[in-house]
Amino acid sequence: MPNLTMIEAIRMALRQEMRNDDSVVILGEDVGVDGGVFRVTDGLLDEFGPERVIDTPLAESLIGGCSVGMAIYGLRPVCEMQFSGFSYLGFHQIESHASRFRRRSQGRFQIPMVVRMPYGAGVRALEHHSESKEIYYAHTPGLKMVIPSGPRKARALLLAAIRDPDPVIFFEPKAVYRAFREEVPDREEVFPIGESEIVREGKDLTMIAYGAMLHRAMEAAELLDKEDGVGAEVIDLLTISPLDDSKFCESARKTGHVVIVHEAPRSFGAAAEIMARLIEKSFYYLEAPIERVTGFDIHIPYFAREQEYLPSRDRIVSAARRTLEK
Amino acid sequence: MPNLTMIEAIRMALRQEMRNDDSVVILGEDVGVDGGVFRVTDGLLDEFGPERVIDTPLAESLIGGCSVGMAIYGLRPVCEMQFSGFSYLGFHQIESHASRFRRRSQGRFQIPMVVRMPYGAGVRALEHHSESKEIYYAHTPGLKMVIPSGPRKARALLLAAIRDPDPVIFFEPKAVYRAFREEVPDREEVFPIGESEIVREGKDLTMIAYGAMLHRAMEAAELLDKEDGVGAEVIDLLTISPLDDSKFCESARKTGHVVIVHEAPRSFGAAAEIMARLIEKSFYYLEAPIERVTGFDIHIPYFAREQEYLPSRDRIVSAARRTLEK
Amino acid sequence: MPRNHVEVPGVVDYLSILNEDGKVDEELDPDLPKELLREFHRKMVLSRRFDERLLRLQREGKVGTFAPIRGQEAAQIGTVSCLEKEDWLVPAFRETAALIWRGASLSDIFLFNAGFNEGGRIPEEANVLPIAIPVATQILHAVGIAYAIKYRKRDQIVLTYFGDGATSEGDFHEGLNFAGVAGLPVVFVCQNNQYAISMPREKQTKSRTIAQKAFAYGIPGVQVDGNDVLAVHTVAREAAQRARGGGGPTLIECVTYRLAVHTTADDPTKYRSQKEVDEWEKREPLIRLQKYLRQRGILDDQAVNSDEEEAARQIDEAWKATKDRIDELTDPLAMFDYLMADLPPYTKEQKEAFERFLATREAD
Amino acid sequence: MPRNHVEVPGVVDYLSILNEDGKVDEELDPDLPKELLREFHRKMVLSRRFDERLLRLQREGKVGTFAPIRGQEAAQIGTVSCLEKEDWLVPAFRETAALIWRGASLSDIFLFNAGFNEGGRIPEEANVLPIAIPVATQILHAVGIAYAIKYRKRDQIVLTYFGDGATSEGDFHEGLNFAGVAGLPVVFVCQNNQYAISMPREKQTKSRTIAQKAFAYGIPGVQVDGNDVLAVHTVAREAAQRARGGGGPTLIECVTYRLAVHTTADDPTKYRSQKEVDEWEKREPLIRLQKYLRQRGILDDQAVNSDEEEAARQIDEAWKATKDRIDELTDPLAMFDYLMADLPPYTKEQKEAFERFLATREAD
Ligand SMILES: Cc1ncc(C[n+]2csc(CCOP(=O)(O)OP(=O)(O)O)c2C)c(N)n1
Ligand SMILES: Cc1ncc(C[n+]2csc(CCOP(=O)(O)OP(=O)(O)O)c2C)c(N)n1
Ligand SMILES: [Mg+2]
Ligand SMILES: [Mg+2]
């Protein structure tokens with residue numbers, strides 16, 4: 001099994017599925033000759049040619065809207081927004097069209113498109129390059145919203161996303177892009193959209209995270225284990241919408257204590273919906289207030305202070321202790 | 001005191017503030033000669049001339065971005081998106097600029113602009129004309145997000161919004177536009193952004209709503225009173241962001257039972273954040289799971305079925321009974 | 001100060017063949033086949049009457065807000081008639097005549113306007129998109145389809161409609177630019193009907209013509225009398241041939257006029273004079289076509305009557321069928337259909353809870 | 001088939017005054033004042049060296065990703081020098097030379113690039129916007145400011161920069177269109193540096209020039225050798241005068257070349273040849289200006305040295321000051337500053353909780 005970074009794993013998924021299915025095309029800014037600003041699509045132009053790996057003009061609405069048209073015709077476009085912070089220029093094509101064509105045509109047209117984009121902080125980038133606004137997509141009916149946390153899942157989820165008959169927004173945690181390697185099987189591996197995963201078992205506390213923050217949650221869990229003897233169950237959401245509430249609700253029924261971690265701003269963020277589901281489905285098992293460890297309700301500061309903005313292992317630990325003390 | 005519809009009350013605020021302050025200008029599609037497609041700005045062109053009541057080309061990003069520039073220069077633009085469902089074409093100007101210039105310039109520039117737009121269902125309109133996606137704005141740091149529920153508050157909040165030194169997104173419930181009249185004082189009346197209001201007192205149940213749904217919540221409260229002898233306290237949020245959690249958290253501490261009503265899709269909607277705050281601040285007082293009565297997680301259907309999609313009085317009552325039984 | 005000049009295309013063609021009295025410029029007469037001309041007439045009559053019926057139904061409260069086409073029939077029939085069956089049509093929201101030409105079910109259109117998603121159904125075999133309400137956004141779908149056609153090397157083209165107002169939107173720009181640089185088989189038809197709701201064409205943009213906006217994308221732009229079906233068809237046929245032959249996109253500006261309200265929620269007296277409307281009534285396309293057809297001996301009173309009767313019959317039948325369909329569409333749970341291939345679990349829970357609620361409501 | 005023609009402006013002027021060897025076209029020489037020319041030189045030297053220093057600091061890990069200007073100094077200095085003090089400058093993200101001309105603090109720019117929001121500070125008296133990273137979006141701010149100027153009847157104009165890639169964005173279109181129809185006092189400067197990251201100009205749009213895109217908005221468009229500061233200044237002065245005199249906007253296309261990387265995260269060998277870069281190095285604007293100034297007797301070795309030394313001194317000083325500032329900017333709570341006029345209560349709670357957390361962290 002090759003040992004891959006997330007970038008390589010995503011490229012692997014793209015390459016394998018493009019070999020598999022000639023309806024898969026890639027489009028975006030600098031995805032061809034340049035191989036993408038993070039080199040995710042490196043080499044694909046050479047293998048598949050400029051008609052399938054399309055360098056578009058600098059126009060996000062074009063990228064989104066053109067993908068909708070391609071999908072209507074029967075292609076499976078995988079388009080790239082260079083950074084999630086620029087995807088808003090094409091937001092209306094996603095909200096008003098990608099998510100609605102099946103409905104609007106009463107099933108005649110489906111939109112099997114994927115919108116890939118790097119999101120999140122941690123790579124010392126410029127303004128707009130560190131955003132985590134998955135809610136804009138997660139709150140939009142008709143879309144699926146996926147955020148992998150490591151290479152292997154990224155590959156398996158991207159395959160699922162490309163094959164999905166409906167539009168999938170695929171956020172790639174850029175802080176994880178080159179952070180570590182994982183064994184990724186050469187043979188096809190697909191992970192279903194809409195399923196979360198228990199990545200660490202524990203009976204004292206439920207921790208829910210996704211994307212780059214999963215790793216901080218894991219570090220916090222290890223520390224809690226070592227220093228406090230607390231067994232934290234860690235759940236990797238993987239799909240934000242449709243949200244898999246079965247695993248975390250069950251875990252909370254067991255532990256009674258919950259900490260949720262994400263780097264997006266707190267108010268109206270994903271943690272709120274998770275808390276709502278916990279109230280709806282595990283209310284009587286909750287023993288203490290659920291804790292949110294998230295980005296603050298401010299614009300993420302420029303990179304000199306981005307680590308202070310991001311939930312740190314220690315902030316997570318401190319929140320965990322707070323809820324366990326209650 | 002004149003007895004005004006919400007349309008007239010909003011127009012009153014615009015007219016009074018334009019008389020007051022020549023830095024206030026209005027811009028948008030059809031706001032001038034036509035007086036706005038709902039006639040909100042009717043007559044203002046005649047009084048203030050085409051330089052202050054600007055019919056723009058059909059371009060939402062222009063409307064948002066040009067307002068940002070005007071605000072930087074020191075004007076107080078009140079721009080209109082013809083329907084909130086079309087505001088996404090200019091979403092990036094709001095997310096990436098209106099909300100950020102104070103931060104980005106370290107206080108040199110502020111953006112005292114208001115973005116008015118009709119939102120919500122209930123007027124038998126076409127696709128995209130019945131949306132309720134306040135979350136896109138409420139989740140964006142640096143913005144204020146206001147939704148009045150009646151003429152008097154609309155007028156008082158719009159005055160506050162125009163005078164606010166920061167950008168305010170002002171959603172107008174189009175179902176309320178001409179639905180009823182209220183006395184609106186001629187003299188200036190300002191209602192602070194960021195404050196909710198208890199519009200009905202009660203000790204058994206807390207109901208939280210805003211915009212057009214406030215009236216359904218009130219109807220449900222009356223029915224619960226009459227049929228069940230239940231005293232529902234009804235809170236009108238008025239501002240979605242920054243969310244005033246003081247009143248509803250206090251009310252919940254008193255009643256222990258909460259129902260939240262909004263017409264936006266449920267998942268990742270405003271009710272989730274309200275529930276999160278209740279967990280954080282009133283956890284130990286909650287006696288039963290909080291109930292959400294909201295739009296479903298689908299695109300709002302075309303108008304023949306929009307009333308089935310919207311939270312009805314009876315759905316609210318049924319949710320209230322459910323939580324009270326627990 | 002002397003300078004070097006860079007030559008760029010600096011001329012917009014303007015084509016007009018029929019004058020206001022339906023008199024043809026003999027030199028320019030494309031001499032279209034009689035049966036085609038007769039079909040133009042049939043479909044223009046049908047579209048006109050259907051539009052009138054919709055307006056009446058709207059005034060009676062039986063259908064909702066809609067966008068009448070009165071006055072724009074030639075711009076639509078003249079262009080859409082250049083498409084082959086396999087070609088794709090990407091409408092905006094004011095193209096009832098074009099949809100009718102492509103065989104749209106009148107009853108579906110009625111149903112849609114009565115507020116039912118079911119009316120938006122697109123039949124399996126029809127290469128037509130549902131109407132697009134966010135202005136100009138559909139242009140990008142046309143471009144995407146055109147790209148896919150080129151990629152699949154199919155013998156198809158795409159035609160998309162939009163208004164004069166739409167040309168101010170960013171999506172217009174992004175779409176035409178990419179179509180130009182990628183050489184896509186698409187025909188862009190701007191129905192310049194002089195207004196975007198209340199906004200007159202002159203305040204929408206300072207460019208003298210809309211056609212010249214094509215130069216910004218290195219593609220041909222042409223202006224045509226949009227109330228002259230012969231001229232429109234001639235120009236569109238050229239553009240369609242260009243697209244089909246690999247010559248890339250064309251921007252056609254049909255100069256026409258919206259004779260009716262913008263939508264049924266609109267009051268045009270706020271922004272234009274009756275005199276102006278009267279002037280344009282004189283250039284109205286249906287009578288102009290009729291005059292020409294009579295001159296050419298293709299149409300007489302009897303033929304007109306028969307086309308009118310046939311239109312009335314179809315419309316009556318369609319409305320009757322629609323009422324029956326409406327009576328059957330009583331299940332509110334249908335709103336959960338077609339969200340995605342599979343309804344997500346939590347949405348399904350919502351549907352089931354709503355179903356239970358409905359059951360108790362009925363029980364009451 | 002004969003047709004009527006509609007004349008639309010069909011010629012783009014191209015201006016070039018200095019050739020590659022710095023030899024001037026005598027007929028075209030605008031004969032600018034010596035002191036202005038000398039100032040061109042000083043600021044071009046300062047900008048060039050500052051850019052080089054930033055690049056070095058980036059390679060040493062002391063500042064983050066940034067967009068070098070090497071090769072585009074003339075396009076910037078030639079245009080920005082047409083502004084009066086009260087005029088407004090609306091930059092994109094690759095206009096360090098223009099910002100320096102307008103008196104930006106070098107230390108602020110260093111600080112910004114070191115990742116501190118504090119470096120984005122705009123001094124009270126400076127009518128300059130912070131850099132804008134989302135491509136083309138700043139064009140609308142320029143348009144809004146221009147509208148406000150016109151409304152307030154002030155004697156000011158606005159100049160805004162963007163790249164060749166930016167012309168494909170919808171915001172470019174929406175901005176120029178409104179500026180045209182409203183007749184706003186704004187100069188649109190496109191620095192066509194041949195690339196948008198890896199995307200060459202020819203694949204960005206099929207229009208032969210970028211200047212001709214102006215015709216779509218009914219405004220003048222002109223192309224100029226962007227590495228020839230005399231030509232750039234001449235064209236920009238005309239546009240500024242037009243704007244100031246109520247003549248509305250102009251689109252200027254400066255044909256230039258990005259000699260360095262797109263940003264420090266970019267590897268240009270992926271998409272262009274060294275040969276191409278070498279060709280453009282020959283047309284590099286600073287040496288060209290120097291040759292001209294020497295020919296005119298405005299510059300000699302000693303003057304060059306003194307400008308170089310002055311630049312080095314300013315840059316050293318600024319970096320030293322920046323390091324001191326960085327040492328002082330230790331409070332993470334500063335990230336809560338300037339969100340809004342008043343921090344909302346719940347955000348304040350977050351700040352306070354974070355403050356408590358920091359206190360325990362320090363206590364550990
Ligand atoms: C993006 C967007 N903004 C606003 C509207 C509201 N609206 C509907 S039609 C219209 C005017 C369209 O003008 P034009 O493009 O000339 O087409 P016409 O209506 O004249 O056919 C407007 C502003 C909309 N549908 N979409
Ligand atoms: C809206 C948006 N999309 C994508 C990017 C990423 N990006 C930064 S610069 C750039 C290319 C810009 O090209 P051009 O306009 O020619 O300016 P140049 O960089 O050549 O100065 C891109 C794609 C961005 N900053 N903003
Ligand atoms: Mg129009
Ligand atoms: Mg460039």
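Worth saying up front: this structure is predicted, and the values here are computed from it rather than measured.
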Taking side chain as everything from C-beta outward and backbone as N, CA, C, O, which of these in [X] sits under 4.5 Å from a heavy atom of chain B? Side chain, backbone, both or neither.
X        : result
A/Ser61  : neither
A/Ala271 : neither
A/Ser282 : neither
A/Phe296 : neither
A/Glu291 : neither

Review point. What residue in B/Arg277, B/Glu127, B/Glu60 has the most heavy-atom pairs under 4.5 Å with chain A?
Key: B/Glu127
Exercise for review: For chain A, find which of B/Ala288, B/Gly90, B/Pro301, B/Ala270 contributes the most heavy-atom pairs closer than 4.5 angstrom.
Suggested key: B/Ala288
Working to the nearest 0.5 angstrom, can you tell me the gap between [X] [atom1] and [Y] [atom2]?
X        : Y        : atom1 : atom2 : answer
B/Tyr284 : A/Lys326 : OH    : NZ    : 6.0 Å
A/Ile135 : B/Ile135 : CD1   : CD1   : 8.5 Å
A/Ser99  : B/Ile298 : OG    : CD1   : 12.0 Å

Exercise for review: Using a 4.5 Å cut-off on heavy atoms from C-beta on, say whether the side chain of B/Glu95 contacts that of A/Phe91.
Suggested key: no
Review point. Do B/Ile94 and A/Tyr88 come within less than 4.5 Å of each other through their side chains, counting heavy atoms only?
Key: no
Study note, to complete from the structure: In short, A/Phe283 meets B/Leu286 closest at the heavy-atom pair CZ-O, 3.6 Å
Study note, to complete from the structure: Between B/Glu273 and A/Phe268 the two heavy atoms that sit nearest each other are OE1-N, 2.7 Å
Review point. Hey, is CD on B/Glu250 packed in by over 12 heavy atoms from elsewhere, all under 6.0 Å?
Key: no
Review point. Given the rule in the salt bridge (charged side-chain N to carboxylate O under 4.0 Å, His left out) test, do B/Arg322 and A/Glu280 qualify, once you have shown the distances and angles that lead to the verdict?
Key: CA-CA 12 Å; B/Arg322 215 161 33 235; A/Glu280 288 171 344; over 6 Å; no
Practice item. Test A/Arg100 against B/His128 for side chain to side chain contact (heavy atoms under 4.5 Å, CB included), laying out the working first. Key: CA-CA 11 Å; A/Arg100 292 172 186 254; B/His128 311 285; 3.8 Å; yes
Check your understanding: Pick from A/Ser96, A/Gly269, A/Gly142: which one has the most heavy-atom pairs with chain B under 4.5 Å?
Key -> A/Ser96
Review point. So which of A/Arg103, A/Arg292, A/Glu131 has the biggest tally of heavy-atom pairs under 4.5 Å with chain B?
Key: A/Arg292
Check your understanding: Where does B/Ile300 contact chain A at under 4.5 Å (heavy atoms): side chain, backbone, both or neither?
Key -> backbone
**Study point:** B/Ile240, part contacting chain A, at a heavy-atom distance under 4.5 Å
**Key:** both
Exercise for review: Sort out for me which residue in A/His139, A/Lys133, A/Glu134, A/Arg266 forms a side-chain contact (heavy atoms from CB on, under 4.5 Å) with B/His139.
Suggested key: A/Lys133
Review point. Can any side-chain N or O of B/His299 pair as donor or acceptor with the backbone N or O of A/Pro141 at less than 3.5 Å?
Key: yes
